[in-house]
Amino acid sequence: MVKSNILKQKKNQKNNNNPFEKIVFLFGPTSVGKTNLLSKLDSDKFSVINADSIQVYKGLDIGSAKVTKDVTEKINHYLIDILEPQEQFTVAKFIEEADKAVVEINKENKIPVISGGTAFYFKHFLYGLSNAPASNPQIREHVENLINSKSLEYAYNILKEVDLISYNRINKNDKYRISRALEVFYASGKPLSSFDLPSKYRNNMDPLIIGLYRDKDEMSQRLKLRFDLMMDAGLLDEIRDLNRNDAKEEWPGMQGIGYKEFFIAMKTGEYSISQIGDMIVHNSKKYAKRQYTFFKSFEDVNWIHAAKEKEIIELIENYIKKN
RNA sequence: GCCGCUUUAGCUCAGUUGGUAGAGCAAAGGACUGAAAAUCCUUGUGUCCCUGGUUCAAUUCCUGGAGGCGGCA
């Protein structure tokens, strides 16, 4: 009894020193079953930080398969509903906000569980960003204009002059990355490749990283079922509300699967609901595949089949006990 | 029943003036330096519907057949 109290004190002390010391990552592709697991966590011990680039947006509930109210009421969630769908979220903002949440959760003597499907956010939360300048809307627009008035090839050749390493790393068709690399050069006068990426975890993190998976057929079935459930839950009403609020295709939130398909359908007017559903399922499958590819490149991942709930909970319990 | 068009990769279709064929989509794999549910890369052997004929050589031309689409009865 006495011993366990001492241990407890010691643990709290340590946590106060470094709130990042104990932190759980729970990731996996869309529809693998993350939310279900979160609802099984002990809310006295854990709080959740959302790492999903679409679920941060207000009003995008059903199509983004956001955690439902009964779950968020049961266990505390951070980084849900923090932006309007026309606002731009970024990795940098994610790290900033997630860091704050980690500290706050730690103050309550709980362990943060970062959960979601945006691998890019996880990667940079773990390692941190380079010192390259943040994206700047004006410079980005300048680069955009350059590409539109000249050509992507032209921009790519500029990159060759100013940053040969990035030029070789980036494919000639990858407008996204060519733009960013030029943007960094114009903003700082230095090549993007001169800013090194950190290669170690930040803040002395010693995280428990859990990767959830399911096989292809299972995923396919779940995605089909999920669309039907979304329809039952009122996806069309949600789309109608967005339309009423004048939602634009270009809005960051509208890039989400489950939303962008409706814009495609509305533009041509030639799709039935079931065809839109097929598109959503199909795009989700492709996305899930990209997520797996990215997550597979992570180190220290405990890959577990998402249906093995007991095993997963046990893994987490053992992790918070040890020390 | 007659006439016309059509049958090529899982799907939609190119193409070969006769030398066994290629795009898009799908599928599989991969990348990922401040937009990441984004962006991008790699991978194509398939009885070229069947049968017979002409030919050194037929998926390509010709005969016959089968399926599909359209028109006329």
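Throughout, protein chains are lettered first and strands after them, A, B, ... in sequence-line order, and every chain is numbered starting at 1. Owing to the predicted nature of the structure, the values given are computational and were not obtained by experimental measurement.
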Each base of RNA chain B marked ( ) or [ ] if paired in-strand (Watson-Crick or G-U under 3.5 Å), | if paired to another strand and . if unpaired gives (((((((..((((.....[..)))).(((((.......))))).....((.((..]....)).))))))))).
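- Which of B:rG34, B:rG29, B:rA36 sits closest to the side chain of A:K216 comes down to B:rG29.
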Under 3.5 Å, which protein N or O atoms sit close to an N or O of nucleotides 10-12 of chain B? Give each pair with its distance.
none

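- One finds a salt bridge joining A:R180 and A:E183 here, because a Lys/Arg side-chain nitrogen approaches an Asp/Glu carboxylate oxygen to under 4.0 Å.
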Under 3.5 Å, which donor-acceptor pairs link side chains of residues 121-131 of chain A to any protein atom two or more places apart or in another chain?
{"residue": "A:H124", "atom": "ND1", "partner": "A:F120", "partner atom": "O", "Å": "3.2"}
{"residue": "A:S130", "atom": "OG", "partner": "A:A132", "partner atom": "N", "Å": "3.2"}

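- Look at A:Y121 and the base of B:rA36; the rings do not stack under the cut-offs of 5.5 Å between centres and 30° between planes.
- Nearest nucleotide to the A:V91 side chain, out of B:rC40, B:rU33, B:rG34: B:rG34.
- Taking atom P on both nucleotides, B:rG15 is separated from B:rG29 by 34 Å, rounded to a whole Å.
- Put simply, A:K286 has a side-chain N or O that comes within less than 4.0 Å of OP1 or OP2 on B:rA26.
- B:rG18 and B:rC41: their C1' atoms are spaced 38 Å apart (whole Å).
- Residue-to-nucleotide contacts include a donor-acceptor pair under 3.5 Å from the side chain of A:R177 to the base of B:rA38.
- Remark: the A:R140 side chain and the B:rA35 base include a donor-acceptor N/O pair separated by less than 3.5 Å.
- For the pair A:K289 and B:rA28, the criterion of a side-chain N or O lying under 4.0 Å from OP1 or OP2 is met.
- For the C1' atoms, the distance from B:rU7 to B:rA14 is 15 Å, rounded to whole Å.
- No side-chain heavy atom of A:D52 sits under 4.5 Å from any side-chain heavy atom of A:T30.
- Ion pair A:D228/A:R226 not flagged as a salt bridge, since none of the NZ, NE, NH1 or NH2 atoms sits closer than 4.0 Å to an Asp/Glu carboxylate oxygen.
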Between the protein and nucleotides 41-44 of chain B, list the N/O to N/O atom pairs that are separated by less than 3.5 angstrom.
{"residue": "B:rC41", "atom": "OP1", "partner": "A:N173", "partner atom": "ND2", "Å": "2.6"}

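- Contact check of residues 190-201 of chain A against RNA chain B (heavy atom, cut-off under 4.0 Å) returns A:L192, A:F195, A:L197.
- Of the candidates B:rA35, B:rU39, B:rA26, the closest approach to any side-chain atom of A:R290 belongs to B:rU39.
- By the salt bridge (Lys or Arg N to Asp or Glu O under 4.0 Å) test, A:D300 pairs with no residue at all, sequence neighbours left out.
- Taking the six-membered ring for Trp and the full ring otherwise, the centers of A:F27 and A:F298 sit less than 6.0 Å from each other.
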